[in-house]
Amino acid sequence: MSIMSYNGGDVIAMMGKNCVAIACDRRFGIQAQTVSTDFDKIFEMGPKLFVGLPGLATDTQTVAQRLKFRLNLYTLRENRAMKPKTFMSVVSNLLYEKRFGPYFIEPVVAGLDPKTNEPFICSLDLIGCPMVTDDFVVSGTASEQMYGMCESLWQPDLGPDDLFETISQALMNAVDRDAVSGWGAKGYVIEADKVTIKTLKARMD
Amino acid sequence: MAVEFDGGVVVGADSRTTTGSYIANRVTDKLTKVADYIYCCRSGSAADTQAVSDIVSYHLDFLQSETQEPPLVRTAAHLFKGMCYQYRDQLSAGIICAGWDKKDGGQVYSIPIGGMCVQQPFAIGGSGSTYIYGYVDSVFKTGMTQEECMKFVTNSLALAMMRDGSSGGVIRLAIITQKGVERKVIVGSDIPRFYEG
């Protein structure tokens, strides 16, 4: 029994033209049993900043709360919104503090710079090693399946609608090959002026 | 799962095979023919159940040549039982043997892990079955028609597929009567949906 696949779950983020998208499945399960189908793994950390936290569900909740705490204090002190790149370092620091007893989470960050609206995505491992890419990042129990889908479907400079379609197909077809992921999906498209949240119609098996 | 009705049986299964959490086959056929009018539902280790059903199928074919008659369902069930019990320490096989014969009509035999064999009006098996014991016990009644049995199997499998991670894909049905075997597949939006939270 692997701790990272005890609850199951996945998150993808993709880079588009002046936009980013992030999507997750909605299953909460205990090993093979599905307990609920409305457990989102993406949390809003700022008007244009989102973090996905797939992995052990208890740590998903705890890390989301602790990150929000640190972000709130930063905002109060600095009186400005946090940049995505800085947020990545906050996540990295929080995870590395638990280097020898880690949170079982492999986060994904997606957002736009608050001032310049430059798109940003990155992922981290469970002890905080950051990886910034300019195409896509994946994390979760179906990560290998998601890598395959993203490598095939992604192309640079996709507009918001095409990006949403691409990330949805990549996520849904990947989780359909994983026994502990799926049961619903939610996608976020983050643009300079708006955030679109859509619940996807997915297989419920 | 298999259900008996007057004139035959309805057998059904999901279509998911997993290695760990990877879905190796999402369109598996778990309903295996062992004789013209006898099918078995396989659960547990795919290798074990395929090997056992191949051997039982061979024995039944040989018997049919010797007796010049189609084999009885209880014969097939006992052959399954013989193998599953003798090699119980080495096998991981849960089998439901169901079919129609001229002598006793439609019959369902359950051969769970360990190798016992018991005839039942209906039987459920596999990892997803644990989620539907309450449902099947509350809905089943004797004297159902073929259509009612099909609906019963479809609904039960749909509920199990919804809750169990190791179950999913499509619903495969086989209706075995004196007329022969009719196979059906229920895919996508045709699979019944219930409360989804």
Side-chain angles (χ1 to χ4, degrees), chain A residues 1-10 24-41 54-57 104 106 138-149 169 171-186 199-205, chain B residues 1 12-28 30 43-46 92 94 124-135 153-172 185-197:
Chain A
M1 189 209 80
S2 164
I3 316 152
M4 296 301 283
S5 60
Y6 184 72
N7 296 125
D10 304 278
C24 67
D25 71 326
R26 302 187 76 199
R27 179 182 183 265
F28 168 57
I30 300 174
Q31 294 190 306
Q33 180 179 15
T34 302
V35 176
S36 80
T37 55
D38 59 359
F39 187 73
D40 293 329
K41 294 143 188 110
L56 196 63
F104 296 105
E106 293 195 320
V138 305
S139 185
T141 47
S143 58
E144 286 164 335
Q145 292 90 320
M146 288 188 284
Y147 272 126
M149 289 304 306
Q169 290 296 324
L171 178 68
M172 284 173 48
N173 289 295
V175 303
D176 284 349
R177 274 284 183 174
D178 184 18
V180 292
S181 299
W183 281 264
K186 209 173 218 179
T199 310
L200 309 174
K201 183 165 183 281
R203 294 186 67 100
M204 303 297 273
D205 63 1
Chain B
M1 162 168 195
D14 75 312
S15 69
R16 180 171 289 185
T17 312
T18 51
T19 40
S21 63
Y22 178 65
I23 300 171
N25 190 349
R26 61 192 178 112
V27 287
T28 326
K30 300 182 188 179
S43 67
S45 156
S92 176
I124 56 175
S127 60
S129 67
T130 54
Y131 301 100
I132 54 169
Y133 273 96
Y135 176 76
V153 172
T154 309
N155 284 345
S156 309
L157 291 175
L159 285 164
M161 283 158 62
M162 167 75 184
R163 281 286 177 182
D164 181 32
S166 314
S167 307
V170 303
I171 296 179
R172 294 196 189 275
V185 189
I186 303 168
V187 306
S189 50
D190 295 333
I191 298 175
R193 287 175 85 142
F194 299 89
Y195 172 69
E196 280 162 10

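Chain A is the first sequence line, chain B the second, and so forth, proteins listed ahead of strands; every chain is numbered from 1.
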Open item on the list: Tell me the closest heavy-atom pair linking A:Asp205 and B:Gly169, and the distance in Å.
Closed with: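 Smallest heavy-atom distance, with atoms named: OD2-N, 2.6 Å.
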- [ ] Search all heavy atoms of A:Trp183 against all heavy atoms of B:Met161 and return the closest pair with its distance.
- [x]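 Scanning both residues, the minimum pair turns out to be CZ2-O, 4.0 Å.
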Open item on the list: Taking atom OH as the centre, does B:Tyr195 end up with more than 12 heavy-atom neighbours from other residues, nucleotides or ligands that are less than 6.0 angstrom away?
Closed with: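 Result for OH/B:Tyr195: open.
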Open item on the list: How about CD on B:Glu196, more than 12 heavy atoms from neighbouring residues, nucleotides or ligands closer than 6.0 Å, or not?
Closed with: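 Yes, the 6.0 Å shell around CD holds more than 12 heavy atoms from other groups.
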Open item on the list: Distance check, rounded to the nearest 0.5 Å: B:Ser189 atom OG versus A:Lys201 atom NZ?
Closed with: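 Answer for the OG-NZ pair, B:Ser189 versus A:Lys201, is 6.0 Å.
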Open item on the list: To the closest 0.5 Å, what do you measure between CD1 (B:Ile191) and CE (A:Met204)?
Closed with: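 Rounded to the nearest 0.5 Å, the CD1-CE separation comes out at 12.5 Å.
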- [ ] Name the option with the most non-hydrogen atom pairs under 4.5 Å to chain B; the candidates are A:Ala179, A:Ser36, A:Gly8, A:Gly184.
- [x]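 Highest number of heavy-atom pairs under 4.5 Å: A:Ala179.
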Task: chain B contacts, top residue of A:Ala32, A:Ala142, A:Ser2 (heavy-atom pairs, under 4.5 Å) - done: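 Of the options given, most contacts go to A:Ala32.
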TODO: Under 4.5 Å heavy-atom distance to chain B, tell me which part of A:Asp178 shows up: side chain, backbone, both or neither.
DONE: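 A:Asp178 touches chain B through backbone and side-chain heavy atoms alike.
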- [ ] With a 4.5 angstrom heavy-atom cut-off, could you sort out which part of A:Gln145 is near chain B: side chain, backbone, both or neither?
- [x]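 For A:Gln145, side-chain heavy atoms alone lie under 4.5 Å from chain B.
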Task: Side chain proximity check, A:Thr37 to B:Met162, heavy atoms < 4.5 angstrom - done: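 Yes, side chains in contact.
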Open item on the list: Only heavy atoms, only distances under 4.5 angstrom. Which residues in residues 17-27 of chain B are near chain A?
Closed with: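 Heavy-atom contacts from residues 17-27 of chain B to chain A are B:Thr18, B:Ser21, B:Tyr22, B:Ile23, B:Ala24, B:Asn25, B:Arg26.
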